[in-house]
Amino acid sequence: MGGIEFLKGHGTQNDFVLLPDPAARLDLTPARVAALCDRQRGIGADGVLRVVRAADLGVESAGEWFMDYRNADGSIAEMCGNGVRVFVRYLVDAGLAEGPEFVIGTRAGDRPVVVRPDGAVTVQMGPATITGSSVTMVGEQSFSGVAVDVGNPHLVSFTEDDVAGLDLRDQPAYDRDFFPDGVNLEFVNALGEGHLRMRVYERGVGETRACGTGTVAVVAAAQHLAGLETAESVVDIPGGRVVVTVAHGESTLTGPAEIVARGELDEAWWSANA
């Protein structure tokens with residue numbers, strides 16, 4: 001058809017449009033990203049993953065491939081744990097990477113990955129650093145939280161109230177001086193030892209069914225609050241379940257990834273949304 005190739009995939013229902021662009025030739029403007037992610041006038045997604053060679057993008061990486069990730073509003077983001085898994089699934093399925101272990105470049109640094117026999121992907125997420133504490137507001141309700149950096153900023157709030165009852169349709173308030181570049185907001189119930197439940201409002205997107213870096217942030221916050229050296233937790237999110245480990249300044253995220261569809265974008269549509 002002569003259009004622009006795309007794929008649609010998700011990791012625990014955190015969904016993405018993938019754009020194979022090995023030589024970095026696409027003009028991926030914020031307007032085009034926002035249009036692609038719009039669920040009425042585009043394909044619909046929580047973000048866009050451009051598949052590009054690090055060398056062609058002029059980025060230093062130990063891996064051949066760089067995940068150029070954009071939020072649904074068109075803004076550039078440092079990292080997305082669910083996105084990495086979907087990115088890796090595409091590379092393996094397309095024969096562009098040989099498993100089961102290799103490295104992906106991201107704006108938060110290189111991320112080693114392992115493709116499991118059952119199709120799940122484990123991502124080395126790097127350090128999860130506690131950076132302080134702050135407060136967020138959902139309506140009139142205030143939540144104190146632990147600030148965590150996982151290559152991108154998070155505020156993790158544990159609560160005894162059932163997180164399923166929170167109204168996250170609108171952006172919760174937060175301290176914009178503490179988080180000048182915005183923040184991902186996680187609300188968490190502890191269900192038992194090594195078992196957490198989470199909802200998340202992602203910066204530049206809104207509430208999503210899952211957030212990979214967010215699941216790492218909540219386990220790191222739980223580890224910090226408990227004074228533990230290591231922690232491993234199952235984390236339930238609206239889109240499914242992942243397993244997170246945090247130990248000795250490093251973290252891993254393991255979960256599923258699925259390619260749903262592929263096709264071509266109409267060139268006239270692409271041009272009209274520049």
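Positions are given from 1 along the sequence. These figures come from a predicted structure and were not determined experimentally.
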*Between atom CD of Glu140 and atom OG of Ser142, what is the distance when rounded to the nearest 0.5 Å?*
10.5 Å

*Going by the side-chain hydrogen bond (donor to acceptor under 3.5 Å, both in side chains) test, name the single residue among Asp161, Asp167, Thr159 that passes it with Gln141.*
Asp161

*Report yes if the side chains of Met67 and Val84 come closer than 4.5 Å at any heavy-atom pair, otherwise no.*
yes

*Are there more than 12 heavy atoms of other residues, nucleotides or ligands under 6.0 Å from atom CG of Asp170?*
no

*Mind listing the closest non-hydrogen atom pair of Glu160 and Asn189 along with its distance?*
C-ND2, 4.3 Å

*Side chains of His195 and Asp236: is there a donor and an acceptor less than 3.5 Å apart?*
yes

*Determine, stepwise, if the pair Arg39 / Asp15 fulfils salt bridge (Lys or Arg N to Asp or Glu O under 4.0 Å).*
CA-CA 11 Å; Arg39 298 186 187 276; Asp15 63 334; 2.9 Å; yes

*Dump the intermediate steps for salt bridge (Lys or Arg N to Asp or Glu O under 4.0 Å) on Arg32 and Asp27, then the final yes or no.*
CA-CA 9 Å; Arg32 282 181 172 138; Asp27 184 11; 3.8 Å; yes

*Between atom CG of Asn82 and atom OG1 of Thr12, what is the distance when rounded to the nearest 0.5 Å?*
4.0 Å

*asked:* Quick one, Tyr69 and Phe87 - any side-chain contact, counting heavy atoms below 4.5 Å?
replied: no

*No-hydrogen, no-angle side-chain donor-acceptor test under 3.5 Å, Asp110 and Ser61*: yes

*Can you tell if the side chain of Val115 reaches within under 4.5 Å of the side chain of Phe102, non-hydrogen atoms only?*
yes

*Not counting sequence neighbours, which residues clear side chain to side chain donor-acceptor pair (under 3.5 Å) with Asn184? List them please.*
none

*Excluding sequence neighbours, so at least two apart, what forms salt bridge (charged side-chain N to carboxylate O under 4.0 Å, His left out) with Asp38?*
Arg41

*Can you measure from CG (Leu28) to CZ (Arg70) and round to the nearest 0.5 angstrom?*
4.5 Å

*Applying ring pair (Phe, Tyr, Trp, His ring centres under 6.0 Å), name anything that partners Phe143, two or more places apart in sequence or on another chain.*
Phe187

*Is there a path of hydrophobic side-chain contacts, each under 4.5 Å between heavy atoms of I, L, V, M, F, W or Y residues, that connects Tyr90 with Ile104?*
yes

_Side chain to side chain, Gln171 and Leu185, heavy atoms closer than 4.5 Å_ = yes

_Pair Asp162 + Arg197, salt bridge at N-O below 4.0 Å_ = yes

*Looking only at side chains, do Asp175 and Ser134 share a donor and an acceptor under 3.5 Å apart?*
no

*Are Val52 and Phe16 joined in one hydrophobic group, where the rule is that I, L, V, M, F, W and Y side chains link up if heavy atoms are under 4.5 Å apart?*
no

_Using a 6.0 Å cut-off, check whether atom CZ of Arg169 has over 12 heavy atoms from anything other than its own residue._
no

*asked:* What verdict does the side chain to side chain contact (heavy atoms under 4.5 Å, CB included) test give for Val183 and Arg176, after you've listed the backbone C-alpha separation in whole Å, the side-chain angles of each residue and the deciding distance to 0.1 Å?
replied: CA-CA 9 Å; Val183 63; Arg176 294 180 183 272; over 6 Å; no

*Quick one: hydrophobic cluster around Val103, which other residues, with the 4.5 Å side-chain cut-off, linked directly or via members?*
none

*Pro153 to Gly182 - nearest heavy-atom pair and separation*: CG-O, 3.2 Å

*Of Thr215, Asn14, Leu196, which meets side chain to side chain contact (heavy atoms under 4.5 Å, CB included) against Ile237?*
Thr215

*If you round to the nearest 0.5 Å, how far is NE2 of His154 from CZ of Arg203?*
8.0 Å

*Calculate, to the nearest 0.5 Å, the distance between atoms SG and CZ belonging to Cys80 and Arg85 respectively.*
8.5 Å

_Side chains of Val188 and Val163 in contact at under 4.5 Å (non-hydrogen atoms)_ = no

_Would the distance check show the side chain of Arg111 and the main-chain N or O of Met125 forming a donor-acceptor pair, the cut-off being under 3.5 Å?_
yes

*Which residues pass the ring pair (Phe, Tyr, Trp, His ring centres under 6.0 Å) test with Tyr201, sequence neighbours left out?*
none

*Hey, what do you get for CH2 (Trp270) to CD1 (Ile4), rounding to the nearest 0.5 Å?*
5.0 Å

*Which atom names give the shortest non-hydrogen contact between Thr136 and Ser157, and what distance separates them?*
CG2-OG, 3.9 Å

*ILVMFWY clustering at 4.5 Å (side-chain atoms), partners of Val234*: Val243

*Taking all atoms of both residues into account, what is the closest heavy-atom pair of Ala210 and Val200, and its distance?*
C-CG1, 4.3 Å

